[in-house]
Every structure is written in structure tokens, then in C-alpha cells.
Amino acid sequence: MKKQMRKWIIPCAAALFTIGASMTSFAAPGWAQEDGTWVYNDRDNYRVTDSWKKSGNDWFYLDDDGYMATSKVIETNDEYYYVNSLGARVTNEWREIDSDHEDEDSPDTYWYYFGNTGKAYKAPGSGKTSLKSIQKANGEWKKYAFDNEGRMLFGWVSDSSERVLGDDAWKEGIYYCGESSDGAAQLGSWALLDADDDDNELDNYDGSYWFYFGTNGKKTMDTTKTINGRKYRFRDDGATIYDWYTLGTPSTATPSTAGSDDLYYNLPTECWLAKGWFKTVPGAELDQEAYDNGDEYWFYADGKGQLTTSKIRSINNHRYAFNEKGEMLYGLYALTFDDSRNILTYDEIESESELPKKDDAVEVYYFGDSPKEGVMATGKTTVDLDGEKFTFNFRKSGSNRGAGYNAIFEDGIYVQGRLLKADRDMKYEVVSYDGNDYLINTSGKLAKNKKNIKDSDGMYYVTDKSGIVIDSGYDKLK
């Protein structure tokens, strides 16, 4: 704004004309030149001091010695004015004036704005911060705050027309008025501002927070607010919550603990409440191991931002599973449920040795890549376990839709969803199931009503209509 403000400094040709043309014709009493400057004598030919006198359309100030003041701030009757290099009082102008450095934090210069009467804009008598509308050189209107001496405030500003300084200024300040060369207050807008916060231990904290300032210039604090259709959460110091947040915790808390009340407010660059699908690393309090490893998971939140947890849920005509942390399950899992079909336990199966037995009190589900990542599989599905492919069959309907068959079904024997097959080198193989010995081939199909079929070892088998072995031997059977 420094350059823009300077455009408001009005040339003093009018004042120069007044001084040169009018004052030279004055005789006592009135204007006179002494020692190279102007004075004003009263009727008794005494020099007028501490007073304004007009010449033409301009006002001039006589100091306490009676000399016309130039290029300085004039304080009279608790009001502040400025006279230019010719002594004329300026109006409707920005002026940058050297600071008297009254304290160590004082800037080298301050900006003032002198209105149409020449008075500097300043804080009201109440001391409350009041924003003044001033048109910039480009025609745009902005609002500014001033202290009780007419100095434009900048940076963080309190509610009592004072600058707020120090590392905690972002916590204590109410308004934000830009840099010393700008000063325009943030109004109805976002601002990413430096914030020294030793309490924030998140890895993605970069030393700044987003703040939102209302149309009155005050920062939004300790509330939730919908802005442009997105919901945001603001701490009691005005910083916008990001990452994980748990309802019911103090408003300054950012990380959350696991639970259905966890809300996610995206990355620091976004901060809005996540709804629907989103993928991110869980917070340290939510999943320490995933946080340490930087493992990302998919989550799904409802319209209020609350996570789907411990459920198999239908979303856009596909079914997905989520653990108690809200993390979407991906892969082959042995699950247990309560009476309401909420997921109680979930153990990922990553190798053949981890496959559950027939009588284990679990149900096996597969959440793969078809047609989308994490979609629950139904029907026959090929699953890769540690580089080896297995055929599974999952229920297509019912309350336990998606659970692997644990029965003889469609001419095959399934144990927790996995189809039992004969070894390729054997051609046929006998498996025990529910107290009976069944003969299966390499594709997993039951060998029903077979007589004298032979495996690779030369063993002959005879089976009944169910595929149960009723005789076997190395000689052909009658």
C-alpha cells in the first residue's frame, strides 16, 4: 500500500499560489515574513501562536513561537492534523510520517489519513476499535484501524485500538490489518498467517494457520461455520482446525482419539470438514502404527462429517467394511460380528497358513479392487495370498452377504469361502469334510458317481452320487 498511499498526496500548487500571491500583499496586522518564514500579527501587532489562520482556501498553523509550521503533525484540541512543506493543512490524504520510536517495537514510520476537514482518522473516544472506510487510488474501498493518536494500525489489532505484539499476537489479536505498508483490514475473507504454536506437534504443521475474518473484521473463534458450502471448525484462538478432531474435547485440541465422534478437517491447506470419501494418514491418537509409518487409509464420513466405523456399509451400490477407527478394510479378512452385525474383530489373512478352519467362529470376506478399491466381493473370486492364487466363493444375498461359503455348494467343498482343490500332480484327492471322505479334482469339483477313476499314484476310486468315496484301491474295483 505504500506506493498506492503515496498517490494520494495532492500537489501543493494551490497552496504555493496562495502563499506567493496573497501573503506578500499583507501588512501588519496579518501575515508577514520574518527570518525567512511566515508569521501572523494580530491587531496589536503581536505574533499569533498556537493557532490556525486561513489564507485563501488553505489553513496554516502558527506554532508556539508564532512561526508557520511546515511538514509536521499538528495536535490541537486532541485532534491531529498535518501541514505540508508549504505549511498548508492537508485533506483527504495519506501521509507517511517518521516515528518517534517511543518503544523498541515501533516502526520507522507510521501512516496517517487526514479526512476532508484535515483531522486525522483515529480511534473513537470509547477506545473500541473502529474500522474506517477509505478509497484507494485504484478506486477500491478498504477499511483501516487507527489508534487514539491517528496512527494507522497494522498486523494483529486488539478490540481496544492497539497493536498486539509478541509470539502470541495471533492468539490475542481480534483484527488483522496487514503489513505496515498496507494496513487494510481483512474483511469477510481468509488469511494464512504465521502462528508460533509450541503445542502443535503434528508433522504437517508448518508454523501457520488459516483464519477467517467476518465482514466486521473480527476473526471467527470457538465455533463451527459454513463458508461457501463447506463447514469449518475454529479454535478459541481463531485458528482453523485441520487434521483430526474429536467432538467433546477442548476447542484447542487438534489430534483425536479413536471413536465414532472423530471428524477430519483435511490438510492445513484446506481445513474444511471432510464429507464422503477421503484418504489420509490417521492421526497419532487414532492409529499410532499407521501414523508412524505414514500409511494412508480411505475413510467415509456422513453429511455431518462423522466417520463410518465398525460396519459393512452400502455406498453408491457397493459394500465396504470399516474398522472401529473408520479405516476402510482392504484385502481378505476373518471377521466377527455382534448381534447387530457391527464388526467386533477383523484379522487380515495374508497367507495360506492364516486361513481359518471350518469350525472357527469367524466369517471370511474379501474387499478387493473390482469394480473399485475396497468393494466387497460376492460370488466366485480369485484371491492372491502371498503369491499363490486361490478360488473363493462369497454369498450373494442374505444377512451375511459377502461371507465365504462354509459348506458343500455348487459341486464344490468350501471352507470359510476357499474352494478345496486336488493337487495338480495328483489329479484327484480325498478330503475329509463333516465325517465323510470326498473325492475332488484339480478344479475343485466333486467327483460324483465315479467308478475306477485313477489318481496320479495309481489309486482307483469309486464314489456315490454325492462324491463320497465308497471304495478305493490299487486294483480296479468291481
Side-chain angles (χ1 to χ4, degrees), residues 258 287 289-290 297 308-314 319-370 374-424 426 428-447 466-469:
D287 188 333
E289 182 179 359
Y297 285 91
T308 299
T309 59
S310 301
K311 290 183 181 298
I312 293 178
R313 174 174 177 174
S314 180
R319 292 170 71 82
Y320 304 84
F322 302 88
N323 65 16
E324 82 285 357
K325 303 166 188 175
E327 298 164 345
M328 184 192 79
L329 302 184
Y330 176 71
L332 189 67
Y333 280 86
L335 306 180
T336 63
F337 300 85
D338 63 15
D339 292 340
S340 300
R341 296 296 293 178
N342 295 311
I343 297 173
L344 291 178
T345 64
Y346 53 98
D347 294 308
E348 187 173 7
I349 303 167
E350 298 182 278
S351 66
E352 183 177 6
S353 63
E354 295 174 346
L355 288 167
K357 304 297 187 291
K358 175 181 180 298
D359 295 329
D360 290 348
V362 298
E363 296 177 41
V364 174
Y365 288 76
Y366 182 64
F367 306 96
D369 293 304
S370 180
V375 171
M376 184 184 78
T378 59
K380 281 193 175 182
T381 304
T382 300
V383 177
D384 190 310
L385 292 178
D386 199 22
E388 188 173 354
K389 297 186 183 302
F390 294 86
T391 298
F392 281 78
N393 201 346
F394 302 99
R395 296 180 183 274
K396 297 181 179 180
S397 61
S399 60
N400 60 345
R401 176 186 173 191
Y405 284 101
N406 200 25
I408 296 175
F409 179 70
E410 294 181 344
D411 287 338
I413 299 175
Y414 293 90
V415 175
Q416 301 291 5
R418 178 171 65 100
L419 176 63
L420 302 184
K421 297 180 180 181
D423 188 279
R424 289 188 177 278
M426 292 300 297
Y428 293 95
E429 194 170 333
V430 177
V431 296
S432 295
Y433 189 85
D434 280 348
N436 294 309
D437 290 335
Y438 292 86
L439 189 66
I440 58 175
N441 63 19
T442 55
S443 64
K445 189 173 182 179
L446 287 166
S466 298
I468 297 173
V469 176

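In what follows, residues are counted from 1 in the order of the sequence shown. It should be emphasised that the depicted structure is a prediction, and the values quoted were computed from it without experimental measurement. When reading the values below, keep in mind they use all heavy atoms of this one structure, side chains included, and skip hydrogens, waters and symmetry mates.
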With rounding to the nearest 0.5 angstrom, report the [atom1] to [atom2] distance, [X] to [Y].
X	Y	atom1	atom2	value
L332	Q416	CG	CD	10.5 Å
S370	M376	OG	CE	13.0 Å
K389	T382	NZ	OG1	7.0 Å
I468	L446	CD1	CG	9.5 Å
I349	E354	CD1	CD	7.5 Å
I343	F322	CD1	CZ	9.0 Å

Test log, rule side chain to side chain contact (heavy atoms under 4.5 Å, CB included), inputs E429 and D423: CA-CA 7 Å; E429 194 170 333; D423 188 279; 3.8 Å; yes
Looking at [X] and [Y], what are the two nearest heavy atoms and their distance?
X	Y	value
L335	Y346	CD2-CB, 3.5 Å
A361	T336	O-CG2, 3.4 Å
M328	Y320	SD-CD2, 3.9 Å
G374	Y330	N-CD1, 3.8 Å
F394	G402	CD2-O, 3.2 Å
P356	V362	CB-CG2, 3.7 Å

Side chain to side chain contact (heavy atoms under 4.5 Å, CB included) evaluation trace for T378 with R401: CA-CA 8 Å; T378 59; R401 176 186 173 191; 4.0 Å; yes
Indicate yes or no: at least one non-hydrogen side-chain atom of [X] is less than 4.5 angstrom from one of [Y].
X	Y	value
L385	L355	yes
V431	I413	yes
L420	Y414	no
Y438	V469	no
F409	N393	yes
R418	E352	yes
F337	I312	yes
N342	K311	yes

Give a yes or no answer on whether the side chain of [X] reaches the backbone of [Y] with a donor-acceptor pair at less than 3.5 Å.
X	Y	value
N441	S443	yes
Y433	A407	yes
E327	N323	no

Any donor-acceptor pair under 3.5 Å linking the side-chain atoms of [Y] with those of [X]?
X	Y	value
D287	Y297	no
T442	R424	no
E363	Y365	yes
N406	K358	no
D437	S432	yes
K421	T391	yes

E289 CD: over 12 foreign heavy atoms closer than 6.0 Å: no
Test: K380 cationic atom under 6.0 Å from F392 six-membered ring centre, within 45° of axis: no
